[in-house]
Number of protein chains: 4
Amino acid sequence: MEPMPRPSNTEHRRGQIVSALRQVMASGGYDGASTAAIAAAAGLAPGLLHYHFGSKEEILIALAEELGVALRARYEKRAARAKSDWERLVALLDAHVALGPDADRDSVVCWVMLGTEALRKPDVRNVVERLYRERLAELTRLVEPLLSGSRRSEASGIAAALLSAIEGAYQLDVLGRIAPRGFAAPMLRTLARALLAEGES
Amino acid sequence: MEPMPRPSNTEHRRGQIVSALRQVMASGGYDGASTAAIAAAAGLAPGLLHYHFGSKEEILIALAEELGVALRARYEKRAARAKSDWERLVALLDAHVALGPDADRDSVVCWVMLGTEALRKPDVRNVVERLYRERLAELTRLVEPLLSGSRRSEASGIAAALLSAIEGAYQLDVLGRIAPRGFAAPMLRTLARALLAEGES
Amino acid sequence: MEPMPRPSNTEHRRGQIVSALRQVMASGGYDGASTAAIAAAAGLAPGLLHYHFGSKEEILIALAEELGVALRARYEKRAARAKSDWERLVALLDAHVALGPDADRDSVVCWVMLGTEALRKPDVRNVVERLYRERLAELTRLVEPLLSGSRRSEASGIAAALLSAIEGAYQLDVLGRIAPRGFAAPMLRTLARALLAEGES
Amino acid sequence: MEPMPRPSNTEHRRGQIVSALRQVMASGGYDGASTAAIAAAAGLAPGLLHYHFGSKEEILIALAEELGVALRARYEKRAARAKSDWERLVALLDAHVALGPDADRDSVVCWVMLGTEALRKPDVRNVVERLYRERLAELTRLVEPLLSGSRRSEASGIAAALLSAIEGAYQLDVLGRIAPRGFAAPMLRTLARALLAEGES
DNA sequence: AATGAATGAGTCTTCATTCAT
DNA sequence: TATGAATGAAGACTCATTCAT
C-alpha cells in the first residue's frame, strides 16, 4: 500500500519567507536583508531558505508577485462597494494610497525598493514591469467611461499621469517628513477630477 | 629649500570620483558600484578614494548634492528665458523631465536609486530630504502667483501633486517600456494646467 | 493477525543507488554527485540514501566493489572462449579496454575518479588497493606460463608494466582527444608481445 | 614628478599561492584544498587569494601550467647530458618518473588529481589536454630516430604506449603499496627497448 | 521502508577599508 | 598625494546528514 503522501508545507513556508523578507527589507533595505536576517525573521534555519527558494532573488520576485496580488485584493474589496464609474476609479486610487486598516507601510516601502532592484535584475524587472503595465491598463479602463466620446483617446495619457502621481506619492510617503502623512489620497482625487474636467466645456 | 607646496587637487579629484560613481551606479546600481569599480571608472587607484572621501557613503552624499546643483542650474538656464509666471513653472517642470541636450539619464537613474538608499542611511536621508523640500518649496513659490487670491492656500497641495508626478515619472521613465519616452513633459504641463484651472469658474 | 513481513528490498535499493552514483559521477565528478543528485538519478527520496547506506562514502565503496565484480565478469566471459595461455592474457587485457557491447565508459570514468578519491579516504583506499593487487596478481598468473623457465621471475615486472599501461590508457581514454578511441586494445597486445619476446633469443 | 612605480609582487604571490595549493592538494585532495586552507598554507590572509587570482579554479590552472614547466626543466637538464638518441628518450622517461633529488611526489599526486578535475572543468581540461599532447609529441619526436625507416610510422603508436605506461605508473606510484617504489623507471626502459626492438629482425 | 523537510557547518567569493611605501 | 597590496568580516549558497511522521 502506498503511504499517504504528506501534504507539502512548501507553500506555507514560502509565504513565511516572503513575509520575512518584506519585514526585513522594509526596515533594512534589500542589502540589509541578508539570508541570515530573513531566516531569523521567519524563525527558520538559514539553510531552509534555499530549500524552498532557488535563490534570494526568487524570494524577491515572489514578494513582488505578492504585492501585486494584495493590491488587487484591496482594490476589489473597495470596488465592490462602488456605485459609479467615478467611485470605481477612486477605489483603485485608494487601494494604492488610502490610509486605513488595510494600509501597509511595509509593502509600500518594499514596492519602492523593488523599483530600484528591478533596474539591474532582469527577472525582477520582468515582474515589476508587468505589474506596472497591469496598473496602467486598469487605470485606463476605469478612466475611459468617465470621458466624453471625443476625449476617449486621452484615457491612457490620463492614466499615465495618475500612475506617475501614485508612484511619486509612494516616494514622498516613504521618505516621510516631506508631505504630510495621508496627503496622497485627496491629492489623487483632485488630480483625477482636474484631468477629467479639463477641456470639458 | 622648502619644496613649493603643490596646489591641492582635491576638489578636482572629488569631482572625478563623484562622476565615476554616477556612471557606475547608473548601470550597475549602488551595489554594483564597488569602490574598486568606481576607482576603475575614474581611472584612479582604489586606495585614493578613501584619501579624498571618508567612506563610500560620503561619495554618495556628494553625488546627491551634485544632482541638486545640476538641477538648479538646468532650471535657472530655462527660467532666464521665461517671460511669465506660467513659463517659469514650465521651466522648472522641464528642468526635471524635458528631453534635450541637457537631459541626463544617468542622473535620473541615480536619483531614483538615492531615494532607496536614503531609506536606511540617515546621512543620505538628510540630504535627499532637504533636496525634496527645496523642490517642493520652489514649486510652491512658482504656483502661488498663478492662483487667484482665494486659492493661494492650495498652492502647497498643488505643488505636492506636481512633485509626486515628477518623481513618479522618473520611476516610469527609468524602468522604460511602460510609458513612452518623453511622455513626462507634456503630461506635467497638462497636470499643472488642470490643477490651476480646477475650481476657477 | 500479524502482517506478513515484507521481504527486504535493501539489496535492490543498494544496487539502484550505486548505479545512480556511477551515472551521476561519470558526468559530474564525485563533487557533482551530491546525495540529492544521486537520489534524483535513482528516482528515490533523498532521505532514503542514508537508510540504506551509512554515508556517502559507503556508496562510493560499494561502487568500487561493483566495478571489480563487473570487470571479473567481463574477463571470465572472454576467458571461457580462450584456447591458449596467450588468448587468456588477451582476454584479460580486452576485458579492461576493448570496445564492444560490454564496454562501459561510465565505469572507466568512475574508476579513474576512484583512484583520486582513494588518495584521501582510507576506507576507499583499502578497497581500491585490493582491486589493484588482484589485477596485478591475475596478470602475473597469466604471464608466467608464457615465459620460458629462465624468465619466470620477470613475470611480476611484466605484469606491472601491463597494469601501468592499462591504467594509463584509461586516463588517456577518459580525457579523450589525446589518443584515438580504441587505441588501447591493440596497443596492449603489442606491448605484451614485445615484453614477452624481449630477451628471447 | 611621477612616483616610481613599486615593482609588483603579484608574480611572487601567485607563486606562493600555487605552491600552497600543491602542498595542500597533495595531502588533502582538491576538495580538501579550501581557499582558507590554501591561504593558511601560504601564510596569507584569505582575501588575498582573490586579489591575485580570479577564482580557485584559476589557481588550479596555474598549478597545471607550473607542473608542465617543471617537467620540461627536469627533462632539459637530463637531455643536456644525453649522448645519443636513446639516452635522450631515457632522459624524458626519467624526467617523469625517476627517483632522485628532483623527484617531487607532491607534483605527481597533483598531476593525477588534475586528470580527474579536468574531466568536468573545461578550462582545466584545455590546459591538461595541451600538456598531454605536448608530452605525446615530444615522445614521438624522440622515438622516431630510433626506428628503422620502414617503421617510422609506428612512432606515434609507441609514444602513446609509453605515455600510457607513464601515466599508469603515476597512478600505481601515488597509491603506493601496489608496485614497489622506484619500479617505474626501469620498467619504462624495458618497455621502450622492447617496443623498439619488436619486429626488428 | 520511505518521505521530504530541516539543520547548520562549511564553501567560495566580494568588498569597504587600511596601510606601508 | 598616490599606489596597490593586504585585511577580515560578511555574503549567498551547498550539502551530508538527521528526524518526525
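Chain A is the first sequence line, chain B the second, and so forth, proteins listed ahead of strands; every chain is numbered from 1. Values reported hereafter were calculated over all heavy atoms of this structure, with side chains retained and with hydrogens, waters and symmetry mates removed.
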With sugar-phosphate meaning primed atoms plus P, OP1 and OP2, does Ser34(C) contact a base, only sugar-phosphate, or nothing at under 4.0 Å between heavy atoms?
sugar-phosphate
N/O donor-acceptor pair under 3.5 Å between Arg14(D) side chain and Ile59(D) backbone
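Answer holds: no.
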If only side-chain N and O atoms of [X] are considered, is one of them under 4.0 Å from the OP1 or OP2 phosphate oxygen of [N]?
X	N	value
His52(A)	dA6(E)	yes
Thr35(D)	dC12(E)	yes
His50(C)	dT18(F)	no
Tyr51(B)	dA2(F)	no
Asn9(B)	dT1(F)	yes
Thr10(B)	dT1(F)	yes

Nearest heavy-atom pair of Cys110(C) and Leu67(C): which atoms, and what distance?
CB-CD1, 4.2 Å
Measure [atom1]/[X] against [atom2]/[N] and give the value in whole Å, please.
X	N	atom1	atom2	result
Ile38(C)	dA16(F)	CD1	C1'	10 Å
Leu21(C)	dA16(F)	CG	C1'	14 Å
Ile59(C)	dA16(F)	CD1	P	9 Å
Arg14(C)	dA1(E)	CZ	P	12 Å
Leu49(D)	dT13(E)	CG	P	10 Å
Ile17(D)	dA5(F)	CD1	P	11 Å
Leu60(B)	dT17(E)	CG	P	12 Å
Asp31(D)	dG10(E)	CG	C1'	13 Å

Contact between [X] and [Y] at the side-chain level, heavy atoms closer than 4.5 Å - yes or no?
X	Y	value
His52(D)	Asn9(D)	yes
Leu60(A)	Met25(A)	yes
Arg22(B)	Ser19(B)	yes

Mapping Leu48(D) and Glu57(C) onto DNA chain F by nearest heavy atom, which one lands closer to the 5' end?
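This one resolves to Leu48(D).
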5' precedence on DNA chain F between Ala33(A) and Leu44(B) (nearest-nucleotide basis)
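Result of the comparison: Leu44(B).
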Paired nucleotide for dC15(F) [Watson-Crick or G-U wobble; both distances under 3.5 Å]
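For dC15(F), the partner nucleotide comes out as dG8(E), under the 3.5 Å rule.
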Pair assignment for dA2(E), Watson-Crick or G-U wobble, requiring both distances under 3.5 Å:
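Base partner found: dT21(F).
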Quick check: on DNA chain E, is the nucleotide nearest Ala45(A) upstream (toward 5') of the one nearest Gly54(D), or the reverse? Name the residue that is more 5'.
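Looking at the nearest nucleotide for each, Ala45(A) comes out on the 5' side.
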